[in-house]
Amino acid sequence: MDIEQLLYCFILLIADFHRISCLFVTDINVPEIVDFRDNVTLSCSYDMSGHTLNSVKWYKDKQEFFRYSPMMHPVYMKFPVAGVQVQDGKYFCNESTCRVDLSLVGAKSTGTYECEVSGDAPHFKLAAKGDNMTVAALPQSDPLIDSFNSMYRMEELLSATCTSDYSSLPTRLTWFINAEQASLGELQPSIDTSIPAHDYVLRRQKLQVRFYLSGPRFYHAGKNLELKCVAEIENFPELKRETSLTAAITHYDNLNNQMLIHAGSGASGAAPGIHQHIPASKVIPILFVICLMFSSMLLSL
Ligand SMILES: *[C@@H]1O[C@H](CO)[C@@H](O)[C@H](O)[C@H]1NC(C)=O
Ligand SMILES: *[C@@H]1O[C@H](CO)[C@@H](O)[C@H](O)[C@H]1NC(C)=O
Ligand SMILES: *[C@@H]1O[C@H](CO)[C@@H](O)[C@H](O)[C@H]1NC(C)=O
């Protein structure tokens with residue numbers, strides 16, 4: 001109940017001592033943002049406070065599209081309004097609540113939806129409440145990360161691309177490297193693609209991150225690297241979607257030590273191609289030979 005309604009009620013009370021009641025629309029439920037492929041339910045609750053319900057009317061942008069009048073025949077009526085399709089038989093109203101299910105017809109369904117309740121004669125008091133609904137083409141999937149490997153070496157150049165799903169609302173992509181936002185220097189200019197579809201211009205953004213795995217932020221981060229891509233839509237934080245992937249970071253020294261241990265015990269498990277990094281000068285010749293045999297064995301697999 002808002003102040004205006006209370007004030008109005010108060011004035012009515014003073015003017016009419018015999019009726020100590022007022023009617024109110026206590027709640028209205030109109031989704032703020034929906035995808036054009038969805039169906040929506042609009043609902044409205046009211047407090048008749050002793051009045052008899054005369055009618056409940058639903059409007060889109062001031063045009064009536066649905067009416068419930070329990071004392072009339074027919075009880076339910078639909079009116080054609082652009083952008084609104086009340087689903088057959090999918091509505092229900094009584095003395096305290098009124099609900100209608102709509103199927104959407106794209107951008108034309110965007111608008112202000114209002115529920116208006118009126119009481120019986122002789123007073124015919126009116127109460128109304130409305131809310132805006134935006135019908136858009138919303139992303140249907142999380143952003144995609146491409147060309148990301150499951151293992152990287154220290155000092156290696158990493159580049160990965162994030163692509164958002166098509167949407168009629170502008171999407172903003174952000175990269176996070178081990179939970180820290182990527183700096184501008186680590187980002188390539190973003191590439192936007194747009195296609196017209198379903199009355200909308202759908203846009204998709206691609207953003208590449210490129211950086212060297214060097215410096216304390218990776219040494220201190222332990223063995224793992226987490227890359228996260230976040231796709232956000234302005235003004236609608238609830239539509240945020242994200243994807244994150246992790247990779248192992250290997251250090252040269254650790255790798256070499258592992259190679260020696262593995263070579264000695266004959267165990268496998270190291271990735272192929274590692275043999276290139278063995279500093280031959282530091283290795284005892286016999287171990288080196290075993291190592292070479294081991295790696296050629298790995299390569300022939
Ligand atoms: C919307 O409602 C129609 C009719 O009831 C149904 O055929 C359709 O599958 C529904 N769409 C969604 C996305 O639920
Ligand atoms: C109206 O319908 C709702 C939902 O079915 C129900 O919870 C409520 O009790 C009904 N109110 C009256 C006054 O019949
Ligand atoms: C609905 O949108 C209109 C303009 O598009 C705005 O003036 C109005 O304040 C909005 N109403 C609500 C309840 O947000």
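All residue numbers refer to positions in the sequence shown, counting from 1. All values derive from a computational prediction rather than experimental measurement. Every number for a ligand or one of its atoms is a count from 1 in the order of the listing.
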Please indicate whether any nitrogen or oxygen in Thr97 is less than 3.5 Å from any nitrogen or oxygen in ligand 2. no
Below 4.0 angstrom, counting only protein heavy atoms, does anything approach atom 11 (N) of ligand 1? yes
Could you tell me if the side chain of Leu225 sits less than 4.5 Å from the side chain of Leu158, heavy atoms only? yes
Would you say Leu187 ends up clustered with Leu227 if hydrophobic residues are merged whenever their side chains have heavy atoms under 4.5 Å apart, either directly or through other cluster members? yes
For ligand 1, note which part of Gln87 has a heavy atom under 4.0 Å away: side chain, backbone, both or neither. side chain
Using distance alone, determine whether Asn39 and ligand 1 share an N or O pair under 3.5 Å. yes
Is there a donor-acceptor contact under 3.5 Å from the side chain of Ser168 to the main chain of Ala137? yes
Centroid-centroid under 6.0 Å between Phe36 and Tyr200 rings: yes
Protein contact for atom 7 (O) of ligand 2 (heavy atom, distance under 4.0 Å): no
Val75, Val100: one ILVMFWY side-chain cluster at the under-4.5 Å cut-off? yes
By number and element, which atoms of ligand 2 are closer than 4.0 Å to a non-hydrogen atom of Phe92? 2 (O), 5 (O)
Give a yes or no answer on whether the side chain of Asp165 reaches the backbone of Gln140 with a donor-acceptor pair at less than 3.5 Å. yes
With only distance considered, is Ser96 within less than 3.5 Å of ligand 2 through an N or O on each side? yes
Between Ser164 (side chain) and Gln205 (backbone), is there a donor-acceptor pair under 3.5 Å? yes
For Arg37, the ligand 1 atoms with a heavy-atom partner under 4.0 Å come out as 13 (C)
Which of the atoms in ligand 3, numbered in the order shown and given with their element, are less than 4.0 Å from a heavy-atom of Asn132? 1 (C), 2 (O), 3 (C), 8 (C), 10 (C), 11 (N), 12 (C), 14 (O)
Kindly assign one of parallel, tilted or perpendicular to the pair Tyr91 and Tyr76, based on the angle between their ring planes and the thresholds 30° and 60°. tilted
Can you pull out the closest protein heavy atom to atom 13 (C) of ligand 3? Residue, atom name and distance to 0.1 Å, please. Asp131 OD1, 3.7 Å
Are there protein heavy-atom neighbours of atom 4 (C) of ligand 3 below 4.0 Å? no
In the protein, what heavy atom is nearest to atom 1 (C) of ligand 2, and what distance, to one decimal place, separates them? Asn94 ND2, 1.4 Å
